[in-house]
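The structure under discussion appears below in the form of structure tokens.
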Amino acid sequence: MFRKCRLYLLVFLELVSVNEALNNGLALTPPMGWLTWQRFRCITDCEKYPDECISEALIKRTADIMLDEGYLEAGYNYVGIDDCWLEKERDDNGRLVPDRNRFPNGMKAVADYLHEKGFKFALYQDYGNKTCMGYPGVLDHEETDIQSFVDWDVDYIKLDGCYVDTAKMDDGYPYFGKLLNQSGRPMVYSCSWPAYQKKPDYASISHHCNLWRNWDDIQDSWSSLSKIMNWFAENQDDFAKYARPGQWNDPDMLLVGNFGLSLDQAKVQMAVWSVLAAPLLMSVDLKTIRPEFKEVLLNKDIIAIDQDSLGKQGLRVWNKSNCEIWNRKLSDGSYAIAFVNKRDDGTPYAVKVSFDTMRIPKQTYEVQDLYKEEQPRSVGPEVDFETRINPSGVKFYKFIPKSSNDVNTAT
Ligand code: GLA
């Protein structure tokens, strides 16, 4: 009898402890940084593609530029290696081995380099027995691998979900998070858990992860970006409410500066991502990026929207004739409002909307154009708000209440 009770107690304690919130005090604003995948994928041939292969050299070069050209100062402080950093086999002790040619000094050397320059180190792994590209995954080696991450001074783990039984994720991801917590080294925990499930349990996911990839991989095109925006808008009621300091929905990496988006389209992504309180993870060759795209990534006012301390995710509040309004409430009582034009008729599209349509309280605002294409203007609720938006473009404004006296709390 006593043994049985003890057994029940142990099972109970184990369940309670797996159920502990991650609560690691990290990612109080959406993580910002740079990650290899979207631009550099799984390029491993350094002889053929010396400037593009996933390697220590790429990481160092990127970190140098991020420091020298103001990216770190703007807030992009994580530098991360996505898939394809490993040897295909573990060592004789069952430990992960970074590719010997591409990471000749191992991962601790990479971390040291980054830390000395003021960055944090992000690394990819997968909860299955293989990563999506077929390198060894953590399954059945969880403790050994977390020890390696600790030894290498990793600050952020992206844990993917290829080759995992999706039914096992609901226990597996919390279990891995618990082990991370017990490791004694604070590591941001990025989970791909919901991206692999049909009906994700967001209450549990947000309890156990700092950020989570909700859906499909982003590809380098306007159609992929539009699809992701649409999916996030159509499903926003399921998960937007779980975003808050320490826990974020992740619509995937920024495409800004690569091949597939025009400048207007890049501005759309930066605006909508900041309304979504999304992680801002660049994935671009910072050596060759064109200055106008760099300017988008370094737009301080837009970064400030993304990083707003209230941590409330914005919503798409209007969608008509292929035009959308996205609205995010900010900590100082202002609103970030993005007008997105998904139409392709070749002229800027004019819209005229009421304050109710924009879902903002009826008061007087100073309206600032966050891309600085227009002069600030003062607007009141008595007249509809008018703007014109380029085809596949955005107008992104901050509506700042002029005086707290005329705030109408009814809306
Ligand atoms: C999955 C992820 C991507 C990337 C690749 C790497 O597809 O969703 O973000 O990490 O795996 O193989």
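For the single chain, residues carry numbers from 1 onward in sequence order. Remember, it's a predicted structure, so these values are computed and weren't measured experimentally. Each ligand, and each atom within it, is numbered from 1 in the order the structure gives.
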Query - Aromatic ring proximity Phe399/Tyr365, centre distance under 6.0 Å - result: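 Centroid distance Phe399-Tyr365: below 6.0 Å, so yes.
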Which ligand 1 atoms does [X] reach within 4.0 Å, using its non-hydrogen atoms?
X: Asp82; answer: 4 (C), 6 (C), 10 (O)
X: Cys132; answer: 1 (C), 11 (O), 12 (O)
X: Tyr124; answer: 6 (C), 10 (O), 11 (O), 12 (O)

**Report entry** Arg213 heavy atom under 4.0 Å from ligand 1
**Finding:**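 The answer is yes: ligand 1 sits under 4.0 Å from a heavy atom of Arg213.
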Query raised in the report: For Lys158, is the nearest heavy atom under 4.0 Å from an atom of ligand 1?
Result: yes
Report task. Say whether Thr166 and Gln197, considering side chains only, have a donor N or O and an acceptor N or O under 3.5 Å apart. Result -> no
Query raised in the report: In the protein, which heavy atom is nearest to atom 5 (C) of ligand 1, and how far is it?
Result: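 Here the closest protein heavy atom is Trp37 CE2, 3.6 Å.
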Report task. Please write down residue, atom name and distance for the protein heavy atom closest to atom 7 (O) of ligand 1. Result ->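 Protein heavy atom at minimum distance: Asp217 OD2, 2.6 Å.
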Requested in this report: Considering non-hydrogen atoms only, spot the tightest contact between Leu298 and Glu69 and give its length.
Outcome: CD1-O, 3.8 Å
Query raised in the report: Pro30 and Gln307: which non-hydrogen atoms are nearest, and at how many Å?
Result: O-NE2, 2.8 Å
Query - Residue from Trp215, Trp212, Phe232 passing ring pair (Phe, Tyr, Trp, His ring centres under 6.0 Å) with Phe239 - result: Phe232
Query raised in the report: So, is the end of the Lys130 side chain (NZ or CZ) under 6.0 Å from the ring centre of Tyr135 and within 45° of the ring's axis?
Result: no
Report task. Give, for atom CG of Leu211 and atom OG of Ser206, the distance between the pair rounded to the nearest 0.5 Å. Result -> 12.0 Å
Report task. Give yes if a backbone or side-chain nitrogen or oxygen of Asp83 is under 3.5 Å from a nitrogen or oxygen of ligand 1, and no if not. Result -> yes
Query raised in the report: Hey, looking at atom 2 (C) of ligand 1, which of Asp216, Thr131, Asp160, Ile218 has the closest heavy atom?
Result: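 Checking each option, the heavy atom nearest atom 2 (C) of ligand 1 is found in Asp160.
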